[in-house]
J.: 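Take this structure, written in structure tokens, and hold onto it; I'll ask about it next.
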Amino acid sequence: MSAADMLKTPGGPDPQASDTATAKRPAEVHEPKTSGGGGRRRSKGALLPYFLIAPTVVAILAVFVWPLIKTTIMSFQDVGRTELWTGEPAPWVGFEQFTKILGDSAFWDSVVLTIVFMAVCVVATLVIGLAIALMMQRMSDWARLMITGALIAAWSIPLMVQASIFRWLSDSDYGVLNMVLTKYLGLDFQGHNWWLDYKQGFLIIGAVVVWGAIPFVAITLYAALTQVPKELEEAAAIDGVNAFGNFRYVTFPVIKPVFQMVATLSVIWDFNVLGQVWLMRGSKPEPEYEVIGLYAFNKAFESNSFSQGAAISLITVLLLSGVAVYYLRQLLKIGEVD
């Protein structure tokens, strides 16, 4: 018997198998040891983004989330002057404030008035803003620069100044609007009072709203138009597509996400119109001009029903949240198609 046969015991290890396993075993990787300071530096680096965003989160919680929570709590209470000034706990009344508001016909009148006014202002703003953006696309550089400067200047004017300008333009005795309609168009508007009929009054208020919103819409849509590939428009024109068809089938699909964003923001802003109505009517709006924001203001401060004002505000938030959800769903659909 050889030495190799003697080493092969029935239960012992096989030297050849041991050598093969040793050859197949991968070499151990020796990682350099790091000190405790390096681990701490990595942990601080991982937390750095959270430290940078913390001030913004705190500001959002303080300015938006906390007031919304307080408004929700107040809407289920009966807060009067005593509770508001002394800080005493207000009695809980459940859904009583919502029942009173939803059962008030004046509330529904203000909602319908607000929706109609908002729809007219949004459509006018989008149409005029889109028209200005298309014209800016075809202007020379210096003309485009002048128009952009004029839009930004109009956008930067405070709301109180805007209201003063339009009150002067629509003045019954010295207004430029009556003078132009009478002198240049041959209409009998000498001494015409635009505020006797609330429909004509809302035309003036709507002009203030649209005039203040057009700069943002026009500049935003012009920025979107610059992203439309010229090759697509030129190819469609070569194929015989007219200008309207080129815009409908080539240009608008590209700017549609931005257009939807601008339209949604316009709906939210115009639905919450209050300052324009308040300032144009000299801080004493007639009942015919009571949009939902003014209705909530009157309930809270004129009637001292602070909880009802909070309930109206919460209902408004819920209505606008529905608009935001619809907008997000549309964006998700566009993303799926793309």
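Remember, predicted model here, so these are calculated numbers, not experimental data.
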J.: Measuring only between side-chain heavy atoms, which start at C-beta, is V267 closer than 4.5 Å to M118?
T.: yes

J.: Has the side chain of S307 got a donor or acceptor atom that lies under 3.5 Å from a matching backbone atom of Q77?
T.: yes

J.: So, does T220 use its side chain to make a donor-acceptor pair with the main chain of V217 at under 3.5 Å?
T.: no

J.: Looking at S313 and T71, what are the two nearest heavy atoms and their distance?
T.: CB-CG2, 4.4 Å

J.: Applying a strict under-4.5 Å side-chain criterion to I, L, V, M, F, W and Y, I'd like to know whether I69 and I312 cluster together.
T.: yes

J.: Roughly how far, to the nearest 0.5 Å, is NE2 of H192 from CG of L187?
T.: 10.5 Å

J.: Does any part of the side chain of I147, heavy atoms only, come nearer than 4.5 Å to the side chain of R144, both counted from C-beta?
T.: no

J.: Hey, quick one: are F301 and V291 part of the same hydrophobic cluster, counting side-chain heavy atoms closer than 4.5 Å, chains of contacts allowed?
T.: yes

J.: Decide if atom CZ of F252 counts as having more than 12 heavy atoms of other residues, nucleotides or ligands within a radius under 6.0 Å.
T.: yes

J.: Please report the interatomic distance NZ(K299) to OH(Y295), rounded to the nearest 0.5 Å.
T.: 4.0 Å

J.: Show your working on side chain to side chain contact (heavy atoms under 4.5 Å, CB included) between L177 and F189 and close with a plain yes or no.
T.: CA-CA 9 Å; L177 181 59; F189 275 83; over 6 Å; no

J.: Following the transitive rule for hydrophobic clusters with a side-chain heavy-atom cut-off under 4.5 Å over Ile, Leu, Val, Met, Phe, Trp and Tyr, establish whether W211 and I132 coincide in one cluster.
T.: no

J.: Once you round to the nearest 0.5 Å, how far does CG of L159 lie from CE of M280?
T.: 10.0 Å

J.: Could you please spell out the steps behind the side chain to side chain contact (heavy atoms under 4.5 Å, CB included) verdict for K100 and D104?
T.: CA-CA 6 Å; K100 292 180 179 179; D104 188 4; over 6 Å; no

J.: Does atom CZ of F98 have more than 12 heavy-atom neighbours from other groups under 6.0 Å away?
T.: yes

J.: Less than 4.5 Å apart, side chain to side chain, heavy atoms only: is that true for F107 and I292?
T.: yes

J.: Any donor-acceptor pair under 3.5 Å linking the side chain of Q162 with the backbone of I157?
T.: yes

J.: Let's go through Q200 and I204 carefully: what are the C-alpha distance in whole Å and the side-chain angles of both, what is the deciding distance for side chain to side chain contact (heavy atoms under 4.5 Å, CB included) to 0.1 Å, and is it a yes or a no?
T.: CA-CA 7 Å; Q200 296 182 7; I204 306 299; over 6 Å; no

J.: Do the non-hydrogen side-chain atoms of D78 and Q97 ever get within less than 4.5 Å of each other?
T.: yes

J.: Would you say F306 and L274 are hydrophobically clustered, going by side-chain heavy atoms of ILVMFWY under 4.5 Å?
T.: yes

J.: So which heavy atom on E233 is nearest to which on T251, and how close?
T.: OE2-OG1, 2.9 Å

J.: Considering all heavy atoms of both residues, which atom of G212 and which atom of W155 are nearest to each other, and what is their separation?
T.: O-CD1, 3.8 Å

J.: Side-chain contact, heavy-atom cut-off 4.5 Å: L314 with L68?
T.: yes

J.: Heavy-atom distance under 4.5 Å between the side chains of V209 and F117, does that happen here?
T.: yes

J.: If you take all heavy atoms of R281 and P285, which pair is closest and at what distance?
T.: CB-CA, 3.7 Å

J.: For a side chain to side chain contact (heavy atoms under 4.5 Å, CB included) check, start with the C-alpha distance between E290 and L113, then their side-chain angles and the critical distance, and finish with the verdict.
T.: CA-CA 8 Å; E290 195 173 56; L113 180 62; 5.6 Å; no

J.: Could you measure the distance from the CD atom of Q276 to the CG atom of L294? Nearest 0.5 Å is fine.
T.: 12.0 Å

J.: Would you give the length of the straight line joining atom OG1 of T264 to atom CG of L320, rounded to the nearest 0.5 angstrom?
T.: 11.0 Å

J.: Looking only at atom types and distance, does a side-chain atom of N246 sit under 3.5 Å from a main-chain N or O of V241, one as donor and one as acceptor?
T.: no

J.: In Å, rounded to the nearest 0.5 Å, how long is the span from CZ of R138 to CG of L225?
T.: 8.0 Å

J.: Between T182 and M179 (side chain of the first, backbone of the second, donor and acceptor by atom type, cut-off under 3.5 Å), is there such a pair?
T.: no

J.: Just wondering, are more than 12 heavy atoms of other shown residues or ligands nearer than 6.0 Å to CH2 in W142?
T.: no

J.: Is it true that atom CE of M146 has more than 12 heavy atoms of other residues, nucleotides or ligands lying nearer than 6.0 Å?
T.: no

J.: Any side-chain heavy atom of F247 sitting closer than 4.5 Å to one from L130?
T.: yes

J.: Between A62 and P67, which heavy-atom pair has the shortest distance, and what is it?
T.: O-CD, 3.3 Å

J.: Would I73 and F76 show up in the same hydrophobic cluster when neighbours are defined by side-chain heavy atoms closer than 4.5 Å?
T.: yes

J.: Does I53 CD1 have over 12 foreign heavy atoms under 6.0 Å away?
T.: no

J.: If you look at every heavy atom in L151 and P215, which pair is closest and at what distance?
T.: O-CB, 3.3 Å

J.: Mind checking whether V262 and S266 have side chains closer than 4.5 Å, heavy atoms only?
T.: yes

J.: Using the ring pair (Phe, Tyr, Trp, His ring centres under 6.0 Å) definition, which of the options Y289, W194, W195 pairs with F202?
T.: Y289

J.: So does I268 get a backbone contact from the side chain of N272, meaning a donor-acceptor N/O pair under 3.5 Å?
T.: yes

J.: A quick test of your reading: do over 12 heavy atoms of other residues, nucleotides or ligands sit less than 6.0 Å from CD of Q190?
T.: no

J.: Parallel, tilted or perpendicular, judged at 30° and 60°: which one describes the rings of F216 and W269?
T.: perpendicular

